[in-house]
Amino acid sequence: MDCCAQMCKCFLILFNILFAKGGFGLVALGLWLRFGAETRGFFDIDLNTPEFNIGVIVLVVTGVLMLVLAVIGFCSTCNNSKSALGVFSGLLSILIITEITAGVMAFIWSTRVSDELVYFYDTIYVQYVNTRSPGQAVTLKLFHNAFDCCGVSETIEVFVRDTCPEGSFLKLISNSSCPIMIREVFNTKASLVLGGFLGTAGIMTLVLVCSCVLLRYVSVSYKSPPPYILLGSPLSTGKMI
């Protein structure tokens, strides 16, 4: 195996290890959201749209697919399996196309996504004020820490004070409105989200190139077995037939 093929093989092994860790993390997060004692209350929320349930399912399915792809890629790379490398390259190509499509859709529909997220937050906010459910409190904390905001207004939020992010005294008496912050983040950072998707797709494309290089090497090695001469053949004895 030449230097280029060896470098590609090492890069593929490293990528598949990291990819498997990412897939395991997504599966663990999805299962925790679905079955965790602290988050079980999420699924008792009466919403008109099932975005949260679908989001959890997408997390688990994506994590499982990443784990399967990582296992196939790791085994095919370590064993120099031509068929497994072909399957890995095909699945990785589909994943790259999906990644680019998801990034473009998220960029185009950023306003719609932000509106849905604001609606989800407003629903959780109202229900938490009425029921004080621990599951809904965890949901609000996730929103507040992710967007550095608290409540629906920019004044002191008495009813959800316990879910607000910790900070200075100024932040205790004044906080950013979460609906405003959610829309602002999606409107101003939509290009960064698109760049993140495209950057990930670029890394996967590099992995695909390495996979194709290794596949080409394996194909050539299979077609060119080492020369040998059978004992007792005419060539070994020097006799002519």
Side-chain angles (χ1 to χ4, degrees), residues 1-39 42 52-107 113 138 142 145-146 185 189-226:
M1 185 178 295
D2 57 13
C3 180
C4 182
Q6 290 179 354
M7 291 180 60
C8 287
K9 186 172 184 178
C10 293
F11 182 72
L12 285 173
I13 292 175
L14 177 62
F15 172 80
N16 285 303
I17 292 175
L18 297 177
F19 208 59
K21 289 183 177 180
F24 181 79
L26 290 180
V27 173
L29 177 61
L31 293 178
W32 176 74
L33 289 173
R34 183 62 182 89
F35 300 105
E38 296 180 351
T39 60
F42 291 170
F52 193 82
N53 293 354
I54 294 176
V56 172
I57 294 174
V58 169
L59 277 178
V60 175
V61 172
T62 303
V64 171
L65 292 178
M66 289 175 64
L67 282 173
V68 172
L69 182 63
V71 170
I72 294 175
F74 186 82
C75 294
S76 61
T77 303
C78 293
N79 298 327
N80 291 334
S81 174
K82 180 180 177 181
S83 58
L85 278 172
V87 173
F88 175 74
S89 299
L91 293 176
L92 192 60
S93 301
I94 296 174
L95 188 59
I96 292 172
I97 296 174
T98 305
E99 190 82 13
I100 296 175
T101 304
V104 173
M105 291 176 63
F107 180 78
V113 173
V138 175
L142 292 176
N145 287 292
V185 167
K189 298 185 179 180
S191 57
L192 294 179
V193 174
L194 176 61
F197 277 101
L198 295 181
T200 305
I203 296 175
M204 292 182 180
T205 303
L206 180 60
V207 175
L208 179 62
V209 172
C210 289
S211 177
C212 293
V213 171
L214 190 60
L215 180 61
R216 182 177 178 274
Y217 171 81
V218 172
S219 300
V220 172
S221 63
Y222 282 158
K223 291 180 180 178
S224 304

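We're numbering straight along the sequence, starting at 1.
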Please list, one pair per line, the donor and acceptor atoms closer than 3.5 Å that link side chains of residues 197-209 to other protein atoms, with sequence neighbours excluded.
from : atom 1 : to   : atom 2 : distance (Å)
T200 : OG1    : G196 : O      : 2.9
T205 : OG1    : A201 : O      : 2.7

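Note that the CG atom of L26 and the CG atom of L31 stand 11.0 Å from one another [nearest 0.5 Å]. Rounding to the nearest 0.5 Å places CG of L95 at 10.0 Å from CD1 of I100. For the atom pair L215 CG and C210 SG, the distance stands at 12.5 Å (nearest 0.5 Å). The CD atom of Q6 sits 10.5 Å away from the CG atom of L214 when rounded to the nearest 0.5 Å. With values rounded to the nearest 0.5 angstrom, R216 atom CZ is found 14.5 Å from L85 atom CG. Remark: L92 CG to I96 CD1 distance equals 4.5 Å, nearest 0.5 Å.
The two atoms that bring V27 and V60 nearest to each other are CG2-O, 3.8 Å, heavy atoms only.
Under the ring-ring contact (aromatic ring centres under 6.0 Å, His included) criterion, F19 pairs with F15, sequence neighbours left out. Listed by chain and number, the residues in a side-chain contact (heavy atoms from CB on, under 4.5 Å) with C10 amount to none (sequence neighbours excluded). Among residues two or more places apart in sequence or in another chain, the side-chain contact (heavy atoms from CB on, under 4.5 Å) test is passed with F24 by L67. Every residue two or more places apart in sequence or in another chain that forms a side-chain contact (heavy atoms from CB on, under 4.5 Å) with V61 is listed here: I57, L65. The side-chain hydrogen bond (donor to acceptor under 3.5 Å, both in side chains) check on S211 picks up S89, with sequence neighbours excluded.
By the 4.5 Å heavy-atom criterion applied to side chains, F88 and N16 are counted as neighbours.
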